[in-house]
Amino acid sequence: QVQLVESGGGLAQAGGSLRLSCAASGRTFSSYAMGWFRQAPGKEREFVAGISATGRNTYYADSVKGRFIISRDNAKNTVYLQMNSLKPEDTAVYYCASATVAFATARAVHYNYWGQGTQVTVSS
């Protein structure tokens, strides 16, 4: 059984930073790409960032490019999302996801396991 457990969400001020973590278990972590998605109230879930199985390739949504950094530690079975220069529009529930492929991807159909989500709230 694959489990993804996010942590690190919370309240931040605009311009501040937060770091999300996602600990994975139940499959060979280093064989699969990982991603972060988010869903704001009343909106559809959207892609935020993706990272390949090796960690060499990353992919970002335009809305977070230059502000967020995705990384992974395959020895710790953990993926991270460093969020800098936060904006109120970044407020959402953030979900970690594990892909069925090894390459970094923004397509939700490529992800088959999801965490329970962690709330990020950015105040102005």
Side-chain angles (χ1 to χ4, degrees):
Q1 182 75 9
V2 176
Q3 284 193 317
L4 302 173
V5 180
E6 301 101 335
S7 60
L11 178 64
Q13 290 191 331
S17 299
L18 284 173
R19 189 195 196 202
L20 305 183
S21 299
C22 172
S25 62
R27 72 188 317 195
T28 306
F29 181 77
S30 59
S31 295
Y32 301 97
M34 296 291 294
W36 288 95
F37 290 74
R38 67 186 182 187
Q39 187 168 20
K43 295 188 177 181
E44 293 187 354
R45 185 171 56 189
E46 65 175 0
F47 169 78
V48 175
I51 188 166
S52 63
T54 62
R56 283 198 287 265
N57 298 106
T58 57
Y59 189 43
Y60 296 94
D62 288 343
S63 59
V64 306
K65 202 172 294 183
R67 299 188 299 120
F68 290 10
I69 301 171
I70 187 171
S71 62
R72 65 190 295 161
D73 185 338
N74 284 347
K76 295 183 178 179
N77 288 0
T78 302
V79 63
Y80 305 96
L81 185 68
Q82 178 67 43
M83 304 186 294
N84 301 319
S85 301
L86 283 164
K87 304 176 180 180
E89 51 263 45
D90 293 319
T91 295
V93 177
Y94 283 71
Y95 297 91
C96 167
S98 180
T100 59
V101 298
F103 55 85
T105 176
R107 297 185 63 191
V109 294
H110 285 154
Y111 295 87
N112 58 341
Y113 294 106
W114 298 82
Q116 81 288 350
T118 185
Q119 177 70 47
V120 171
T121 302
V122 183
S123 62
S124 56

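All values below were derived from every heavy atom in this structure, side-chain atoms included, with hydrogens, water molecules and symmetry-related copies excluded.
Contact between Ser21 and Thr78 at its shortest, heavy atoms only, is CB-CG2, 4.3 Å. Minimum interatomic distance between Gly26 and Val2 (heavy atoms only, all atoms of both residues): O-CG2, 3.9 Å. Listed here is the closest heavy atom pair of Ala108 and Trp114: O-CZ2, 4.2 Å. Residue Ala53 comes nearest to Ser31 through the heavy atom pair CB-C, 3.6 Å, listed as atom of the first residue, atom of the second, then distance. Taking every heavy atom of both residues into account, Asn57 and Ala104 meet most closely at O-CB, 3.8 Å. Residues Met34 and Leu4 share a closest heavy-atom pair of CE-CD2, 4.0 Å.
Not less than 6.0 angstrom separates the ring centroid of Trp36 from the ring centroid of Phe68. Taking the six-membered ring for Trp, Phe103 and Tyr59 have ring centres at least 6.0 Å apart.
With hydrogens and angles ignored, the 3.5 Å screen pairs a side-chain donor or acceptor of Tyr111 with a backbone N or O of Thr105. A donor-acceptor pair under 3.5 Å is absent between the side-chain atoms of Ser52 and the main chain of Ala102, judged by distance alone. For the pair Arg27 (side chain) and Tyr32 (backbone), a donor-acceptor distance under 3.5 Å is absent. In this structure, Gln82 contributes its side chain and Ile69 its backbone to no donor-acceptor pair below 3.5 Å. A donor-acceptor pair under 3.5 Å is absent between the side-chain atoms of Glu6 and the main chain of Cys22, judged by distance alone. No side-chain donor-acceptor contact under 3.5 Å links Gln116 to the backbone of Val5.
Taking hydrophobic clusters as Ile, Leu, Val, Met, Phe, Trp and Tyr residues chained together by side-chain heavy-atom distances below 4.5 Å, Phe29 does not share a cluster with Tyr95. Cluster membership for Val64 and Leu81, using ILVMFWY side-chain heavy atoms within less than 4.5 angstrom, is shared. Residues Val48 and Leu18 are members of one and the same hydrophobic cluster, defined by side-chain heavy-atom contacts under 4.5 angstrom among Ile, Leu, Val, Met, Phe, Trp and Tyr. Tyr113 and Val79 end up in the same hydrophobic cluster when Ile, Leu, Val, Met, Phe, Trp and Tyr side chains are linked at under 4.5 Å. Leu86 is connected to Ile70 through a chain of hydrophobic side-chain contacts under 4.5 Å among Ile, Leu, Val, Met, Phe, Trp and Tyr, so both are in one cluster.
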Could you list the donor-acceptor pairs under 3.5 angstrom formed between side-chain atoms of residues 38-45 and any protein atom two or more places apart in sequence or on another chain?
from	atom 1	to	atom 2	distance (Å)
Arg38	NE	Glu46	OE2	2.6
Arg38	NH1	Asp90	OD1	2.9
Arg38	NH1	Tyr94	OH	2.9
Arg38	NH2	Glu46	OE2	3.1
Gln39	NE2	Lys43	O	3.1

Residue pair Leu20, Met83: steps toward the side chain to side chain contact (heavy atoms under 4.5 Å, CB included) verdict: CA-CA 8 Å; Leu20 305 183; Met83 304 186 294; 3.8 Å; yes
Please report the C-alpha distance between Gln119 and Thr91 in whole Å, then the side-chain angles of each, then the deciding distance to 0.1 Å, and finally whether the side chain to side chain contact (heavy atoms under 4.5 Å, CB included) criterion is met. CA-CA 8 Å; Gln119 177 70 47; Thr91 295; 4.0 Å; yes
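For Glu89, the CD atom counts as densely surrounded, since its 6.0 Å shell holds more than 12 non-hydrogen atoms of other residues, nucleotides or ligands.
Interatomic distance, Tyr80 OH to Cys96 SG, rounded to the nearest 0.5 Å: 11.5 Å.
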